[in-house]
Amino acid sequence: MYTKKTYSAFHMAVWTRFETLLFIIIILGVVATYYFLDLAWLKIPWTPLALIGTAVAFVIGFQNNSAYGRIWEARKIWGGVVNTSRTFGMFVQDMVTNEKTENPLQNEELKKEIKILTYRHIAWMTALRHAMRAQQSWETTAKHRTNQDWDARPPEHEFELNSDLEPYLSERDLEDVLKKNNKQTAILYQQSHHLRQLKERGLIWEFAFLKLEGVLEELFTLQGKSERIKNFPYPRHFATLNHFFMWIFVLLLPFALVPQFGEIGRDIAEHHPLVGDLFIWLSVPFYIIVAWIFHTMERIGRTGENPFEGTANDVPISTISRGIEIDLRQNLGEENNTIPEQFPMRHNVQF
């Protein structure tokens, strides 16, 4: 049985297996060339290589910090969506009343208005998560062979937006939304127009209307922040140069590491000829470890650049949205068997 740590280590090894195999081929080729052709003269001094390695470590560290910052900011934004959604659901239920109206509605009619507002909010979250999952030209992590091995895609890549919105919007509202480029914005406009109509009918008093409009303003703010992260990629000149710098270091490293092990082997050979002769082959595992660490850290940074792409390390906005929907509909008094279940985890990953 795997523990969580060994399970993660196993999947990390599988995730990087193609690059690890490449590193093995590179170092075996260099070592074999030195060992059988006696090319001890072909070597790179450690000083320039150490400077390159230091620079690569700095740029990879900067990339990882920036990528983590984007992921954490995205998670905070969607944490705000959770809190604001719950607030909206509570406000709607307690602020849409007959208290100030001259033409009171029946309880069923009042509940219907509350349900329309609540369902429209769920539609907004649905449209927003679909927009966040739309593929951008710079989002290429999911296309990597090891990510495709998982055969795990977010729900937004399996279901059309039209069919996902249909249960929450009226036919006229849905038709209006689908005409717009920014569908989540169109839904918030509809929400505001509906609230104004309720105010004009006296079903929402002035102060309550202002509070609800303030919640819509906060939703617009959170939507804009989420769209900013989605539509503004990590600067390409940083990401591309990091990748090239890492490979320059990885490809030059054998020509400093292998001769060093060869020199140590010649010193050992004075007392232990067999050990000294084979000592150069010990550079193979050391090179693989160093190259794997640098490459994996650089790849982790690339993987975290786009927190809404829909890979295993991204913010689980589908799960977050469905969780809010379940909360809102339960608080409307709906039966659990009528509420959609939470999206299932795949390979122990939420999407």
Side-chain angles (χ1 to χ4, degrees), residues 77-101 105 108-132 156 161-228 230 317-318 320-334 339-340:
I77 291 168
W78 277 81
V81 171
V82 172
N83 296 336
T84 309
S85 297
R86 289 170 177 164
T87 301
F88 182 78
M90 179 186 66
F91 279 3
V92 166
Q93 289 194 33
D94 290 338
M95 291 180 173
V96 180
T97 67
N98 285 319
E99 184 180 354
K100 302 290 183 179
T101 183
L105 298 181
E108 290 304 315
E109 293 178 309
L110 206 58
K111 288 180 179 178
K112 182 179 178 182
E113 295 290 347
I114 292 171
K115 182 177 179 179
I116 290 173
L117 290 167
T118 303
Y119 270 42
R120 190 181 288 118
H121 179 77
I122 297 172
W124 171 78
M125 288 190 300
T126 303
L128 182 59
R129 65 180 171 86
H130 270 271
M132 294 301 99
E156 294 78 17
L161 174 61
N162 302 15
S163 60
D164 275 353
L165 288 179
E166 194 171 352
Y168 308 112
L169 297 174
S170 67
E171 186 175 340
R172 187 179 68 177
D173 284 352
L174 179 60
E175 183 180 356
D176 177 64
V177 166
L178 295 179
K179 292 178 182 177
K180 305 297 193 302
N181 291 334
N182 192 314
K183 295 170 177 54
Q184 55 271 23
T185 296
I187 292 172
L188 286 182
Y189 269 78
Q190 289 178 353
Q191 200 78 297
S192 180
H193 297 334
H194 189 181
L195 291 174
R196 186 194 65 195
Q197 292 168 5
L198 293 177
K199 179 184 74 73
E200 291 171 350
R201 292 165 59 188
L203 296 172
I204 299 177
W205 65 301
E206 292 283 348
F207 179 76
F209 173 73
L210 293 176
K211 290 289 289 184
L212 286 167
E213 286 289 299
V215 175
L216 294 187
E217 181 182 4
E218 178 62 19
L219 293 175
F220 265 124
T221 300
L222 294 169
Q223 173 186 318
K225 290 179 178 180
S226 190
E227 290 170 340
R228 169 171 52 81
K230 175 67 177 181
I317 59 176
S318 307
I320 292 172
S321 299
R322 180 55 58 86
I324 299 171
E325 177 182 353
I326 293 171
D327 285 349
L328 292 176
R329 293 179 66 171
Q330 285 179 340
N331 284 297
L332 281 177
E334 297 185 12
I339 301 173

Can you check whether Leu188's main-chain N or O pairs, donor with acceptor, with Ser192's side chain at less than 3.5 Å?
no

Does some side-chain heavy atom of Arg201 sit less than 4.5 Å from a side-chain heavy atom of Leu105?
yes

Do Phe209 and Leu198 have side-chain heavy atoms sitting under 4.5 Å apart?
no

Please work out whether the ring planes of Tyr189 and His193 are parallel, tilted or perpendicular, with thresholds of 30° and 60°.
perpendicular

When you check the gap from the basic side-chain N to the acidic O, do Arg172 and Asp176 get nearer than 4.0 Å?
no

Between Lys112 and Glu108, is there a salt bridge with N-O shorter than 4.0 Å?
no

Are Gln93 and Leu332 close enough, and set up right, to give a side chain to side chain contact (heavy atoms under 4.5 Å, CB included), and what steps lead you there?
CA-CA 8 Å; Gln93 289 194 33; Leu332 281 177; 4.0 Å; yes

Leu128 vs Trp78 side-chain heavy atoms within contact, under 4.5 Å
yes

Check the side chains of Glu113 and His194 for a donor-acceptor pair under 3.5 angstrom, ignoring hydrogens and angles.
yes

Under the side chain to side chain contact (heavy atoms under 4.5 Å, CB included) rule, what do Ile320 and Ile324 come out as? Steps first, then yes or no, please.
CA-CA 6 Å; Ile320 292 172; Ile324 299 171; 4.1 Å; yes

Side-chain heavy atoms of Asp164 within contact of Arg129, under 4.5 Å
yes

Show your reasoning for whether side chain to side chain contact (heavy atoms under 4.5 Å, CB included) applies to Tyr119 and Leu169.
CA-CA 7 Å; Tyr119 270 42; Leu169 297 174; over 6 Å; no

Any non-hydrogen side-chain atom of Lys180 less than 4.5 Å from a side-chain atom of Thr185?
no

Just so I know, are the side chains of Leu195 and Leu117 near enough to count as touching, which here means a heavy-atom distance under 4.5 Å?
yes

For a 4.5 angstrom cut-off between non-hydrogen side-chain atoms, does Glu227 reach Gln184?
yes

